[in-house]
Amino acid sequence: MKKLSYLLLLAALISNSIFAQQKKTENPAQQKMNTFINNLLSKMTVDEKIGQLNLLTGGEATTGAAVSTDVESKIAKGNVGGIFSLTTPEKIRKAQEIAMKSRLKIPLIFGQDVIHGYKTTFPIPLALAASWDLPLIEKTARIAAIEASADGLNWTFSPMVDIARDARWGRIAEGSGEDTYLGSQIAKVMVKGYQGDDLSKYNTIMACVKHFALYGAAEAGRDYNTTDMSLDRMYNDYLPPYKAALDAGAGSIMVSFNDINGVPATANKWLLTDLLRKQWGFKGFVVSDYTGVSELIDHGLGDLKTVSALSLKAGTDMDMVSEGFLSTLKQSLKEGKVTITQLDNSCRLILQAKYKLGLFEDPFRYCNEERAKNEILTPANIQFAREAATKTFVLLKNQNQTLPLKKSGNIAVIGPLANTKANMPGTWSVNADMNLVPSLLEGLKNVGGDNVKITYSLGSNLTTDETLQINSTMFGREIPRDNRSEDELIKEAVQNASKADVVVAALGEGSEMSGESSSRTDIGIPENQKRLLNALLKTGKPVVLVLFTGRPLAIKWESENVPAILNVWFGGIQTTNAIADVVFGDVNPSGKLPVTFPQNVGQVPIYYSHKNTGRPLPDGKWFTKFKSNYLDVSNEPLYPFGFGLSYTTFTYGDLKLSSNTLKPSQKITVTTTITNTGKLAGEEIVQLYIRDLVGTSTRPVKELKGFQKIKLQPGESKMVTFNLTEEDLKFYTSDLKFIAEPGDFKVFVGSNVRDVKEADFKLVK
């Protein structure tokens, strides 16, 4: 104990010395915060400091296998720094009151998985990315922050900014897709939406960027699996969205489950200290993922005491649910396995977060029951959720202008997704009230009006395999099975379809067929659903496939045979009213794919910004021996990145460059004229890509560097302008220098990555 007391005194002296040096460069607000926290730290025992590093679950939402126990007792002893999965001002006040009776009265921080909205649930993140609408996305995060903070929360485990290029990985639904630039732009506005311009305001919440790092590159698309990649790919493709979110001011970051260069992220000192702290200068705190610390045991790094010490030393500040810090760090401190300075540093960062949230000033600032009554699920929020959903739907095919449908006649609505409410909000909608969610059948009736006769048939179960269906409809997302034979279900549906003017087939994935721990090796529509679809097509009636999915699906047969396909992802609590708005033409779809759709699962991973090979396949060719291609399918995707149709049509004029030479500190202006050549008003997302033709490192065949969303009336033309600077051309070289190299470039502008106009320019230094 004498040795421990000496260590504590030494740490206090060091801390005071560091604090004195910091004061010289700090503004008054920073000085005030650091003085407060420095004084508080000097009063804290080792147990109390360790307690601040302990994050427990309140157990309201299922987000992992373990459940915290004896929570109230631990709070009273000062052994808890935060709680997640506990909501409502009443419950949070009770927990906070217990903390206020502890010796030093340090408030708790309260977090939740507020992923795509709170009670007002918006489209899943992958769908939001399909809107390419940054102000809209920011507003969804702002509303989520207002509602969550009104219900007692002050911390969200969002945004998830993992780049994902493997459609088998279920959590592709939770991110912004495959592209580094688009993902980075979305990451920034999500943080801004959650945190606003002042975290101490009562209606802002702290963002937690996840999952650091490379989680979206799990091998074989199997969740929690290992990752392995070069520094070139890491720095150029996967790391930028995390950096963008942190540069936007995110207060915390969550560690990923996977290993990086052989060391699991939770215990990876290079990742959490050398890169995050030293290179990037991150000042917030680092939290493990759910039981991420104790899972290091199965990774093979040692027992709980060993892995807990490794995690703290690497730079993990808060232990989520494992309680390894709580139960082992004091002994590790005595044994010299960790230092009091390391413990103090992590504790300080967590206390700083609470200070910035205003919790020391008022621990109950988020416990206003009047706000909970008046600011959650407001009519304005619900209406915006409906509008937002319509912006995310992607029209993949519309042969013979099958869509939009008339608000008259007979419509047969058929399929396992047609009459379910619980699946509509999508995965990670833990706070959605399913009683407020209409089914597709109801949504079409709401919008179609009295002149439309709508009939319904199930047509098929979600899958033939009952066990698979149970596993795919967990957490209250059940779709009741019909025990009749498949032939009987199809026969009934065909009879219904034969009497209708048009068929709306609601098919695809259930909401829990994507998301965490929902990886799939078969990324097509389940075969029984496909057989139903084939039978419906044979009736000769026009068929509209309303496709529900949380990932890119392999739907080559559907694309070749179904006249109209509207990809609706999962659009939140107003999914089905929004679908009806688009299906009946009240809203013209404008979404564009943030991910590439493959022809089949064998093409996965597939993404547009790939590198060239020394034996590239010539454009328009397949199959060519001794070239980089497949025997059985072309290299082309089914639907390219950025693709999406409209009920109207747009034409692009030639590109005009202000100069064909770009010099440092100057810019090139790229302009083109877009014309609405159809009969309806519509929105178009104009996309700009570049290609670096020669470099010291190999460069992608195309890279997104800008986009604009414009609205045009029929016959209207608009000039669209982009500015390119040297900064847009920079990349990390093989020795990790972030530079733009002089030489030849191409610039492309178009409606998707494939259909573009191009021009040439040169960077001269």
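This chain uses plain numbering: 1 for the first residue, then up along the sequence. Side chains included, hydrogens not; waters and symmetry mates left out as well; all remaining heavy atoms used. These numbers were taken from a predicted model, which means no experiment stands behind them.
- Considering only residues two or more places apart in sequence or on other chains, K201 meets the salt bridge (charged side-chain N to carboxylate O under 4.0 Å, His left out) condition with D197.
- For the pairing with F212, the side chain to side chain contact (heavy atoms under 4.5 Å, CB included) check across V286, V255, I260, L272 returns one residue only, L272.
- Sequence neighbours left out, the pairs with a member in residues 362-376 that pass salt bridge (Lys or Arg N to Asp or Glu O under 4.0 Å) are E370-K373, R371-E375.
- The ring pair (Phe, Tyr, Trp, His ring centres under 6.0 Å) check on F570 picks up F548, with sequence neighbours excluded.
- N258 is linked by a side-chain hydrogen bond (donor to acceptor under 3.5 Å, both in side chains) to T227, S256, counting only residues two or more places apart in sequence or in another chain.
- Side-chain atoms of S519 and R551 include no donor-acceptor pair closer than 3.5 Å.
- Residues forming a salt bridge (charged side-chain N to carboxylate O under 4.0 Å, His left out) with E478 (at least two apart in sequence, or on another chain): none.
- Between Q112 and W155, the side chains place no donor N or O within less than 3.5 Å of an acceptor N or O (distance only, hydrogens not considered).
- Under the ring pair (Phe, Tyr, Trp, His ring centres under 6.0 Å) criterion, Y224 pairs with F257, sequence neighbours left out.
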Could you go through residues 240-249 and list every donor-acceptor pair under 3.5 Å that involves a side-chain atom there, pairing it with any protein atom two or more places apart or in another chain?
unit_1	atom_1	unit_2	atom_2	d
Y242	OH	D162	OD1	2.5
Y242	OH	H211	O	2.9
Y242	OH	L214	N	3.0
K243	NZ	D247	OD1	3.3
K243	NZ	D247	OD2	2.9

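- The list of salt bridge (Lys or Arg N to Asp or Glu O under 4.0 Å) pairs with a residue in residues 96-112, not counting sequence neighbours, reads E48-R103.
- Annotation: salt bridge (charged side-chain N to carboxylate O under 4.0 Å, His left out) contacts of K278 (sequence neighbours excluded): D274.
- Evaluation of the salt bridge (charged side-chain N to carboxylate O under 4.0 Å, His left out) rule for D289 yields no partner, not counting sequence neighbours.
- Partners of W270 according to the ring pair (Phe, Tyr, Trp, His ring centres under 6.0 Å) rule, which considers only residues two or more places apart in sequence or in another chain, do not exist here.
- Applying the ring pair (Phe, Tyr, Trp, His ring centres under 6.0 Å) test to W569 and every residue at least two apart in sequence or in another chain returns nothing.
- Under 3.5 Å, the side chains of N381 and T378 contain a donor-acceptor pair of N or O atoms.
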